[in-house]
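First up is the structure itself, then whatever we jot down about it.
Numbers for residues simply follow the sequence, beginning at 1.
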Amino acid sequence: MRRLAAVLATAAVTAGVLAGCGGENWTDKCATVNGVVECAPDKRTAVKPVSGELLDGGSYDLSQDKGKVVVVNFWGSWCAPCRAEADDLENTYQATKDKNVTFLGVNSRDDKDAAREFERGRVTYPSLYDFEGKIGLQFDGTSTAMPSTLIIDRQGRIAVAIRQATTLTQLKPLVERVAAEGTG
């Protein structure tokens, strides 16, 4: 019952965010194709300061990864599409980390023990623990749906938002393209 309430609460927040509540959303300046929002460098919006508690203890601040491409994935152990994409996320991380790319998970609406068990043996990058879903709002409210993935460029701006489960064949070329920017 608690999970159902969490899912419904997340859906309500997502509907509000996607409705826009008036005003221009940063995604209005970008191209959207099949659930993937891609922004040209001159159309990107900077990410607000983001920090939080890591699932395995300690803290994380996005500013520590300034100058890197940061792939942020929003997930929950209770989310079937999240489970389905976990191997593809880890494989993309392994394939791109030598290009100054890092990954960060954001776990929401989950029991810590269930989240840790889900990650064990699946992913090697860290995750923030965000039961209430507040960290997604720090990313300009763009990623409250699960699963979803953001690619943050080296200047700390949102380059890509994937508002659905992703795959290696979809994610890896997007990450590589953002990682290649300015290295020319």
Side-chain angles (χ1 to χ4, degrees), residues 10 13-14 16-18 20 24-52 54-55 60-76 79 81-82 84-86 88-93 95-97 99-109 119 123 125-130 132-182:
T10 300
V13 169
T14 301
V17 169
L18 294 178
E24 184 180 49
N25 186 309
W26 69 269
T27 61
D28 293 341
K29 301 178 279 185
C30 306
T32 303
V33 178
N34 297 326
V36 178
V37 180
E38 288 191 69
C39 295
D42 64 335
K43 303 289 184 193
R44 296 177 185 165
T45 187
V47 174
K48 298 172 186 168
V50 175
S51 61
L54 290 169
L55 186 57
Y60 174 85
D61 189 313
L62 185 64
S63 66
Q64 75 190 39
D65 286 324
K66 187 83 169 181
K68 293 182 179 181
V69 171
V70 182
V71 179
V72 183
N73 177 257
F74 295 82
W75 65 278
C79 163
C82 300
E85 73 177 0
D88 289 321
L89 287 158
E90 177 64 20
N91 290 334
T92 302
Y93 170 62
T96 60
K97 67 182 180 179
K99 296 173 179 162
N100 208 18
V101 173
T102 191
F103 275 53
L104 176 70
V106 179
N107 172 261
S108 293
R109 309 285 179 199
E119 275 197 330
V123 297
Y125 53 86
S127 285
L128 291 168
Y129 181 65
D130 182 34
E132 295 179 4
K134 292 180 179 178
I135 291 173
L137 298 176
Q138 291 177 358
F139 284 97
D140 211 18
T142 58
S143 295
T144 54
M146 283 200 221
S148 60
T149 303
L150 296 177
I151 302 173
I152 311 296
D153 69 15
R154 297 185 195 286
Q155 290 74 43
R157 304 171 302 180
I158 302 170
V160 178
I162 303 169
R163 295 180 167 160
Q164 60 201 13
T166 190
T167 61
L168 178 71
T169 57
Q170 178 187 53
L171 183 61
K172 185 177 175 225
L174 293 168
V175 172
E176 288 174 334
R177 188 166 46 241
V178 174
E181 292 175 355

Item to check | Closest contact, heavy atoms only, Arg163 versus Ser148 | outcome: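 Heavy atoms only, the tightest pair is CA-CB, 4.1 Å.
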Item to check | Non-hydrogen atoms of Ile158 and Val47 that approach each other most closely | outcome: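 Looking at all heavy atoms of both residues, the closest pair is CG1-CG2, 3.6 Å.
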Item to check | Test side-chain contact (heavy atoms from CB on, under 4.5 Å) applied to Ser51 and Asp61, Leu128, Leu62, Ile135, the passing residue | outcome: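 Option passing the side-chain contact (heavy atoms from CB on, under 4.5 Å) with Ser51: Asp61.
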Checklist entry - Out of Glu85, Gln170, Glu38, which residue meets the side-chain contact (heavy atoms from CB on, under 4.5 Å) rule with Ile162? => result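 That would be Gln170.
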Item to check | Cys30 SG to Lys43 NZ distance, which is reported to the nearest 0.5 Å | outcome: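 The distance works out to 8.5 Å.
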Item to check | Nearest-0.5 Å distance that lies between atom CD1 in Ile151 and atom OG1 in Thr96 | outcome: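 Separation between the atoms: 9.0 Å.
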Item to check | Test log, rule side-chain contact (heavy atoms from CB on, under 4.5 Å), inputs Val123 and Phe103 | outcome: CA-CA 10 Å; Val123 297; Phe103 275 53; over 6 Å; no
Next on the checklist: Using the rule given for side chain to side chain donor-acceptor pair (under 3.5 Å), can you reason through Thr167 versus Asp88, listing the C-alpha separation, both sets of side-chain angles and the distance that settles it, and then say yes or no?
Outcome noted: CA-CA 5 Å; Thr167 61; Asp88 289 321; 5.3 Å; no
Can you name the salt bridge (charged side-chain N to carboxylate O under 4.0 Å, His left out) partners of [X], sequence neighbours left out?
X      : result
Arg157 : Asp153
Glu90  : none
Lys97  : none
Glu176 : Lys99, Lys172

Item to check | Short side-chain to backbone donor-acceptor contact, Arg109 and Glu132, under 3.5 Å | outcome: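 Flag set: sc Arg109 to bb Glu132 pair under 3.5 Å.
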Item to check | Test item: Arg154 side-chain N/O and Asn100 main-chain N/O as donor-acceptor pair under 3.5 Å | outcome: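 Yes.
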Is [Y] close to [X] at the side-chain level, that is, under 4.5 Å between some pair of heavy atoms?
X      : Y      : value
Val175 : Tyr93  : no
Thr149 : Leu171 : yes
Gln164 : Pro81  : no

Checklist entry - After noting the C-alpha distance and the side-chain angles of Leu174 and Val36, does the key distance pass the side-chain contact (heavy atoms from CB on, under 4.5 Å) rule? => result CA-CA 10 Å; Leu174 293 168; Val36 178; 4.2 Å; yes
Quiz: residues 65-72 side-chain donor-acceptor pairs under 3.5 angstrom, not counting sequence neighbours:
{"residue": "Asp65", "atom": "OD2", "partner": "Tyr60", "partner atom": "OH", "Å": "2.7"}
{"residue": "Lys66", "atom": "NZ", "partner": "Gln155", "partner atom": "O", "Å": "3.1"}

Checklist entry - Going by distance alone, is a donor N or O of one side chain under 3.5 Å from an acceptor N or O of the other, for Ser127 and Asn107? => result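 On atom types as modelled, these side chains do not qualify, holding no pair under 3.5 Å.
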Next on the checklist: Apply side-chain contact (heavy atoms from CB on, under 4.5 Å) to residues Leu150 and Phe74 and explain how you reach the verdict.
Outcome noted: CA-CA 9 Å; Leu150 296 177; Phe74 295 82; 4.1 Å; yes
Item to check | Contacts of Cys82 that satisfy side chain to side chain contact (heavy atoms under 4.5 Å, CB included) - sequence neighbours left out | outcome: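 So Cys82 forms a side chain to side chain contact (heavy atoms under 4.5 Å, CB included) with Trp75, Cys79, Met146, Pro147.
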